[in-house]
Amino acid sequence: MKLSEVIKISWEAIAKNKIRSLLTMLGIIIGVAAVIIMISISAGTEATINDQITSLGTNLIFITPNFGRGGRESFTSNNRGGLVFNDAYAIAQQVPGVSGVTVEQGSTQTVKANGVTLTGISILGTTTDFPTVRSLAVANGTYFDQNAVNLKQKVVILGSSLAEQLFGTADPVGQYVYIGNTQLAVIGVMAPKGAVGGVDYDARAYLPITVVFQKFTPSEFARFRGNEVRLIYVKVDDKAKLNDVILQIQLLLYKRHNVTSSNPDFSITTQDDIITTQESTTAAFRNLLAWVAGVSLIVGGIGIMNIMLVSVTERTREIGIRQSVGATAEDIRIQFLMEALLLSIFGGLIGLVVGLGGSVLFGSLSGMRTVIVPSSVLLAFGSAAVVGVFFGYYPADRAAQLDPIEALRYE
Amino acid sequence: MSTQAIIETVDLKKIYGMGDATVAALDGVSIQIQAGEFVSIIGPSGSGKSTLMHILGCLSRPTSGQYILDRQDISNLDNKQLAAIRNKKIGFVFQAYNLLSRTTAIRNVMLPLMYDRMDSQTQADKEKLAREMLEKVGLGDRMNHMPQELSGGQQQRVAIARALVNNPVMIIGDEPTGNLDSRSGAEILKLFDEIHEQGATIVIVTHDPQIAVYAKRTIALHDGRVESITHNGHRRKQ
Ligand SMILES: Nc1ncnc2c1ncn2[C@@H]1O[C@H](COP(=O)(O)OP(=O)(O)OP(=O)(O)O)[C@@H](O)[C@H]1O
Ligand SMILES: [Mg+2]
């Protein structure tokens, strides 16, 4: 029998029993829709995290100090086990391919202004390059300049939510705040950035690094050691040169810190490393969802098998008639397999529409971002077809094995 | 050239069950049927008529013995080969019509053509042929009716058209008039006779006494054996 004829017959059988066909397809519809929706949710979550991380500057390298087992006190006075401000300066001067270097050192302080007292506020000492390197913008006023760093000017730029807590709707620029016992002039307010990776970028205050060195270094020891920074950011002008730059920085810092590559006193991570770490946590979530969706596809397949078995029994006589006019076991098997395949493909198509619609709807209702992944659509659809053939095979084979006489005698 | 045997069976046996509880539905049947013959088979219920028809129609295989159809020994063919023989060489008409429900008359008639492995005809050819067959059985105006919309006699005509469509070497009927009233039954027998007049070989099982008017020979079965073979002298032709 011609394939087109087989498809036609199978299609007619499906169309004759619309309700039953729909019920048969239900499992596949749910399975396919689940795969698409769940993958779109987890892809959306990943994309959001990715965006947040890259929104804080691109092509970034992060250098952090390593401390020995005994903590920082275990190091001797030759500056081992810490990054200092001059390391950043050296990188900026000596490593080619670097478009910006900035540092970060901070502590937690009490901030007072306008009759409001806030405790536990994160104070960040940085350099003038900080907004550029980290893609932060000043919404109101200005960031401090090199002059302010050199002269240790007592100026501060407030994060947007911090400014609002202290000054409400009033303009903070030109006002004064007390951080600890030091009075500083507010010269700017940052544009809102939100929280990324557990850090609230809007609840902080930004100061010239030199002022932090002078007034707010965390411990007596650190003060003694001087210009220590907890993080150096290096922005690379071309992502292709990232590994070269990392190598150069390593060589430079090994020399400066008098350490070897087997026992470095600093670590270098890249944005990609951070994204990979984040993705590995969402991957677990995504795998779980994939399993759930996979199970529902299998349940759908079992549904198809069930209904197909009923259908074969109901149509025993039809099978006998076809056999009596010359249908072979192969002809019968193909006919029922085609029916299962069409059911699952059709179910897959409906599931696809439901899945795509569901992703968009879920995204707009929950406010979560959903990203439709084309490969997931193919995957869902492909597995529906595979499920149809796999679970359709047994009923089709049962039909094919029927004895013509017994089939014709069936009431 | 004398008449040639289209069917020849040698000591055909069909044993059902196993161990002590066996039933010999056919217990050594040896018959010959010539091309162009019209043969009727009679016998009491349980004598093995249907069993014999199923074997002759290649719907089942004998337990032992030989069956030569159209000079081909088909006793040892596999299922696939038997299906091909059913498709090409045999037109089977059942007591219960056995039409596909919710399928038009013309598509029922086309069914054997759909399973033609050679597939030499186009869809249009097949439709044309099926239409011709339906016209031949007097249902030219019922082509697109569903079986449920046809009377028993009409349904059996569709089944006969289906049996004819592949131009088989033999038409087999197992009590084709069994479900019909005597008037429609007579019409169906007459139709078989017309087909026979056009050269077809026909074997039918029937209890209908009118068959003697048409069939040249009557084979009587009893307990799975051939009891007697009667030549009906008053055949109108030949
Ligand atoms: N599948 C089967 N299993 C066991 N015994 C069977 C089977 N089919 C037929 N028989 C037995 O074989 C014998 C012949 O049956 P068959 O159907 O050929 O009779 P028949 O001559 O056609 O009878 P009827 O006139 O009632 O149709 C009967 O005794 C029947 O019980
Ligand atoms: Mg019978």
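In the text below, chain A, chain B and the rest are named by the order of the sequence lines, each starting its count at 1.
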Top contributor to chain B contacts, counting heavy-atom pairs under 4.5 Å, from [options]:
options: A/Gly320, A/Pro404, A/Ala327; value: A/Ala327
options: A/Ile321, A/Ile9, A/Thr328, A/Asp331; value: A/Ile321
options: A/Glu330, A/Arg317, A/Glu318; value: A/Arg317

For the [atom1] atom on [X], are there more than 12 heavy atoms of other groups (residues, nucleotides or ligands in this structure) within a distance under 6.0 Å?
X: A/Leu365; atom1: CG; value: yes
X: A/Arg369; atom1: CZ; value: yes
X: A/Phe381; atom1: CZ; value: yes
X: A/Lys18; atom1: NZ; value: no

Between B/Arg102, B/Arg162, B/Lys80, which residue shows the highest count of heavy-atom pairs closer than 4.5 Å to chain A? B/Arg102
For the interface with chain A, which of B/Ile85, B/Val165, B/Leu100 has the highest count of heavy-atom pairs at distances below 4.5 Å? B/Leu100
Heavy-atom distances under 4.5 Å only: say whether [X] touches chain A with side chain, backbone, both or neither.
X: B/Ser101; value: backbone
X: B/Asn98; value: both
X: B/Leu113; value: neither

Less than 4.5 Å to any heavy atom of chain B: does that hold for the side chain of A/Ala329, its backbone, both, or neither? neither
Which atoms of A/Glu12 are under 4.5 Å from chain B, going by heavy atoms: the side chain, the backbone, both sets, or neither? side chain
Closest heavy-atom contact between A/Gly326 and B/Asn87? CA-CB, 3.7 Å
CG of A/Asp403 to OG of B/Ser60: how many Å apart, nearest 0.5 Å? 7.5 Å
Any non-hydrogen side-chain atom of B/Arg86 less than 4.5 Å from a side-chain atom of A/Gln323? yes
Mind checking whether A/Glu5 and B/Gln123 have side chains closer than 4.5 Å, heavy atoms only? yes
